[in-house]
Amino acid sequence: MTDQPKTANAMWGGRFAAGPDAIMEAINASISFDRRLYAQDIRGSRAHAAMLAATGIISSNDAEAIREGLNTVLSEIEAGNFTFRTDLEDIHMNVEARLKDLIGDAAGRLHTARSRNDQVATDFRLWVRDQCDAADAGLRSLIAALLDQAQAGADWVMPGFTHLQTAQPVTWGHHMMAYVEMFGRDLGRFGDARRRMNESPLGAAALAGTGFPIDRQATAKALDFDRPMANSLDAVSDRDFALEFLSAASICAVHLSRLAEELVIWSSAQFRFVAMSDRFSTGSSIMPQKKNPDAAELIRAKIGRILGATVALFTVMKGLPLAYSKDMQEDKEQVFDAADSLMLALAAMTGMMADLSARPDVLEAAASSGFSTATDLADWLVREAGLPFRDAHHVTGALVARAEKAGIDLPDLTLAEMQSVHPAITQAIFEVLGVQNSVASRQSYGGTAPKRVREQIARWRQALA
Ligand code: ARG
């Protein structure tokens with residue numbers, strides 16, 4: 001970035017005698033970050049120039065010079081040979097100024113029937129649309145890794161928790177599939193956002209449209225938008241497409257964070273449910289025995305940045321009068337950071353889940369403790385002995401108290417001990433006290449039975465194919 005002499009701005013300085021104060025330049029310029037939009041900016045300009053020629057607004061010679069010049073600018077930026085200038089404020093004016101160096105006066109015709117207001121709205125929409133596609137791809141990979149885990153452990157029994165207290169046995173596959181459902185809805189949210197944002201602001205010009213006979217359908221089509229936006233004020237004013245992206249990203253980050261938290265707990269020495277691969281763990285510089293789940297912890301933390309960006313942009317937008325205000329320049333860094341954080345978190349989680357090895361023996365032992373089949377016992381009393389559920393609950397509670405006092409688990413009580421609490425209990429009760437039987441019995445739609453879980457895995461594999 002080079003500092004230029006303080007003369008009036010070459011692009012818009014017609015009415016200014018002097019250049020801006022250095023502080024003014026610093027607060028005004030966005031080139032340090034919006035250079036990330038260069039590809040979208042050049043793509044938008046190409047579409048605009050081609051349309052200007054097709055409608056006879058500029059000559060085809062000028063359009064051809066612009067097209068070639070823009071190609072040169074693009075390759076200069078991609079090769080790292082481009083000098084970004086702060087005095088030229090943003091990516092739009094940096095590209096146009098370089099175009100002028102390259103092709104001379106024809107460059108000045110590119111901005112006919114266009115404003116930086118519709119230009120930036122177009123560039124940014126294109127960028128955010130790409131991020132919806134990236135999130136889609138990232139989520140599909142993560143879901144694939146979770147489906148593999150679910151399939152491998154469709155029968156593995158583990159404790160299901162409420163309040164992080166052992167509740168009822170569930171299957172590993174069922175637990176993995178819960179996340180598949182969550183990330184599946186995230187996929188839908190990014191898809192919905194993309195569909196809604198896929199309209200072209202280009203041609204809205206500064207705010208009111210233009211008197212030139214432009215063809216907004218043509219530019220919309222060239223940029224793979226479904227149609228032009230119907231209201232020029234709206235087109236340059238709103239950033240709801242970015243807010244929707246950030247909202248979807250925030251919800252997705254919450255899901256990632258919860259799974260990350262489970263991995264942190266499960267990989268602890270106290271739980272030992274899973275072993276993380278070396279590729280996604282780190283050591284400690286002082287404690288040689290340590291293997292830390294740093295990737296999971298960082299994924300857990302990313303929601304802070306992503307939600308922070310979301311709140312920041314909502315705050316920027318609230319209370320802005322129509323149409324464009326410079327406040328809106330503050331949209332980009334937030335979205336850039338949130339998108340980068342999300343894509344990295346998705347990739348890291350996918351890697352971790354692909355590498356993760358669960359310990360079925362530890363899972364099953366944990367599932368068998370903590371009176372996890374107490375509900376099965378109560379259900380048996382309802383089903384086989386005809387007790388009302390409330391009474392069955394009470395009898396089971398008494399049995400749990402007995403076992404707890406003796407320091408044993410429910411299946412370790414003798415039949416005689418059980419019958420002393422309720423005479424209707426028979427030997428058959430021991431069938432339902434085993435965790436395997438417990439999970440196999442929960443065949444209600446959406447339940448944890450391996451059979452039901454396998455059906456869901458098949459349904460998802462088909463849906464994603
Ligand atoms: N750099 C500006 C932004 O990011 C581009 C639009 C400038 N428009 C204007 N009227 N000053 O929002």
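Atoms within each ligand, like the ligands themselves, are counted from 1 in listed order. For reference, positions follow the sequence shown, starting with 1.
With ligand atoms numbered from 1 in the order given, ligand 1 contributes 5 (C) to contacts under 4.0 Å with heavy atoms of His92. Near Ser30, meaning under 4.0 Å from one of its heavy atoms, ligand 1 places the atoms 1 (N).
No donor-acceptor distance shorter than 3.5 angstrom exists from the side chain of Asp136 to the backbone of Leu139, with no hydrogens or angles considered. No donor-acceptor distance shorter than 3.5 angstrom exists from the side chain of Asp34 to the backbone of Leu37, with no hydrogens or angles considered.
The nearest protein atom to atom 11 (N) of ligand 1, hydrogens excluded, is given as Arg116 NH2, 3.6 Å; this is a heavy-atom distance. If you check which protein heavy atom lies closest to atom 10 (N) of ligand 1, you get Asn117 OD1, 3.0 Å. For atom 5 (C) of ligand 1, the closest non-hydrogen atom of the protein is Asp90 OD2, 3.5 Å. Scanning all protein heavy atoms for the shortest distance to atom 4 (O) of ligand 1 gives Lys332 NZ, 2.6 Å. Protein heavy atom at the shortest distance from atom 2 (C) of ligand 1 is Gln329 OE1, 3.2 Å. Looking only at protein heavy atoms, the nearest one to atom 12 (O) of ligand 1 is Tyr324 OH, 2.4 Å.
A salt bridge between Asp41 and Arg35 is absent, with no side-chain N of the basic residue lying under 4.0 Å from a carboxylate O of the acidic one.
Donor-acceptor pairing under 3.5 Å is recorded for the side chains of Ser250 and Thr310. Judged by distance alone, the side chains of Asn198 and Arg125 never bring a donor and an acceptor atom under 3.5 Å apart.
Counting only residues at least two apart or on different chains, the salt bridge (Lys or Arg N to Asp or Glu O under 4.0 Å) pairs with a member in residues 172-185 are Glu181-Arg459.
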